[in-house]
Amino acid sequence: MAGWRSLLKTATESDVRKSVKEPEVREALQKIFSDRVEFDVPMSRYTSLRVGGPADALVFPKDREEIVGLLQFLSDHRIPYGVVGKGSNLIVRDGGIRGVVLDLSEGFSGMERDSSDPSLVIANAGESLPRLVHWASDQGLSGIESLIGIPGMVGGALMMNAGIRDGEIGDVVQSVEWMESNGEIRDVSKESLRFEYRHFEIPKGAILLSAKLRLKKGDPIEIQERMKKCLEKRHEPKGFPSAGCIFKNPPNDFAGRLIDQAGLKGVRIRGAQVSDVHANYIVNVGSATARDILSLIDLIRERIREEHGISLELEVKVMGEASGKD
Ligand SMILES: Cc1cc2nc3c(=O)[nH]c(=O)nc-3n(C[C@H](O)[C@H](O)[C@H](O)COP(=O)(O)OP(=O)(O)OC[C@H]3O[C@@H](n4cnc5c(N)ncnc54)[C@H](O)[C@@H]3O)c2cc1C
């Protein structure tokens, strides 16, 4: 944390709310993160839907100590922060994100078997979920093969409790480690964790660091067979950017079925279109903006409310500010 000390002193003395737009804040971030910080980064580059305005700063911390220092600095200057995974479940509004966005893909990748219990896997939050699934299969470890085909990082998968009907990541979690906004690290075992349908509850501002997954020994060939079957069953639009399912399924029904039945497949607002392959997907068929996608979401919700009296809940997460044009 040594590098932060002089910067923190300035912060405490001035004790005012700062913005990443201010040169002294940029300089401080640049000093610590060097080439691991980018400014005014279009988030369309970091989301699978390919929409989103600029984040003031995107940082790629290399270790935990660096995050602790950063959180302290941001708290002193009252600068907001957020975390992104692979952006595959994310709509960033066109006005972008004020504050600092953390991306853990550089410093927090990797997975390994626990040395004292080889069916326990430690997966870091910045590791790619598809890589983890393949690695586990190669190791002859079963339990996450149904997650094949789901893009994202381990942190994002935990936050979303990613999965399919046959299984979710939360089913195999033994414990999760996160850093709270005050820099404290908590290692919480499954009995105290709340995984729900596409939702995982952690304290506000907490950053997921890693998880231990309880897998089972299995035959690699059989695991691969199951993965192949899962991939064959996947039914999704190809060729256009998307964010997977936009809405959660309402109890005892499917959002896609309701949207299809309402005749909304193929409906388009500028570059955003309800997929004609899977009605719970919105695809970016041209140069869609976040505003186009959010307008289409509003239209779908309104129609489903009118026709079925059901309020569809968003599965995708929305971050950032609207642009002045909205
Ligand atoms: C083609 C396609 C198919 C998909 N199919 C499926 C599917 O079958 N099942 C399914 O469940 N999902 C599916 N998804 C959605 C998406 O892949 C998952 O939700 C995935 O787990 C999101 O991971 P991510 O790393 O991209 O997270 P992001 O989209 O980047 O982030 C999701 C949320 O997690 C938060 N977050 C990310 N990392 C951290 C962290 N380290 N600490 C704290 N918060 C964090 C973000 O702030 C955000 O709120 C699909 C998406 C696409 C594009």
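In this text the structure is predicted, and so the values were computed from the model without any measurement. Counting convention: from 1, in listed order, for ligands and their atoms alike.
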Is there a polar contact, in the sense of an N or O pair closer than 3.5 Å, between [X] and ligand 1?
X: Met153; answer: yes
X: Ser242; answer: no
X: Leu208; answer: yes
X: Ile202; answer: no
X: Val83; answer: yes

Under 4.0 Å, heavy-atom basis, I'd like to know which part of [X] is in contact with ligand 1: side chain, backbone, both or neither.
X: Cys245; result: neither
X: Ala162; result: both
X: Glu168; result: neither
X: Leu104; result: side chain

Could you go through Ser311 and Arg301, starting from their C-alpha distance and side-chain angles, then the distance that decides it, and tell me whether this counts as side chain to side chain donor-acceptor pair (under 3.5 Å)? CA-CA 7 Å; Ser311 225; Arg301 275 179 143 167; 5.9 Å; no
Parallel, tilted or perpendicular: which fits the ring planes of Phe195 and Phe200, with parallel below 30° and perpendicular above 60°?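 The arrangement is parallel - the two ring planes meet at less than 30°.
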Flag the pair [X] and [Y] as a salt bridge only when some basic side-chain nitrogen lies within less than 4.0 angstrom of an acidic carboxylate oxygen.
X: Lys18; Y: Asp76; result: no
X: Arg186; Y: Glu184; result: no
X: Arg45; Y: Glu38; result: yes

Answer with yes or no whether [X] contacts ligand 1, where contact means a heavy atom under 4.0 Å from a ligand atom.
X: Arg234; value: yes
X: Tyr281; value: yes
X: Pro237; value: no
X: Arg198; value: yes

Any side-chain donor near an acceptor of the partner, Thr289 and Asp292, under 3.5 Å: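 Their side chains do contain a donor-acceptor pair, which is all the 3.5 Å distance test asks for.
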Pair Arg93, Ser323: side-chain N/O donor-acceptor within cut-off below 3.5 Å: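 No, Ser323 and Arg93 have no side-chain donor paired with an acceptor closer than 3.5 Å.
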Neighbour count >12 (heavy atoms, 6.0 Å) for atom NZ, Lys265: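 Correct, the count exceeds 12.
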Please indicate whether Arg131 has more than 12 foreign heavy atoms, meaning atoms of other residues, nucleotides or ligands, lying under 6.0 Å from its CZ.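 Atom CZ in Arg131 is not packed in, count stays at 12 or less.
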When you measure from atom 7 (C) of ligand 1 to each heavy atom in Val176, Val318, Ile150, Val154, which option holds the nearest one?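 Answer by nearest heavy atom: Ile150.
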Judged on heavy-atom distance to atom 21 (O) of ligand 1, which of Gly152, Ala157, Gly85, Gly244 sits nearest?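 Going through Gly152, Ala157, Gly85, Gly244 one by one, Ala157 has the nearest heavy atom to atom 21 (O) of ligand 1.
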Identify the protein heavy atom lying closest to atom 11 (O) of ligand 1, giving its residue, its atom name and the separation to 0.1 Å.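 Its nearest protein heavy-atom neighbour is Gly163 N, 3.0 Å.
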Testing the basics here: between Asp40 and Pro54, what is the closest heavy-atom pair and its distance to 0.1 Å?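 Scanning both residues, the minimum pair turns out to be C-CB, 3.9 Å.
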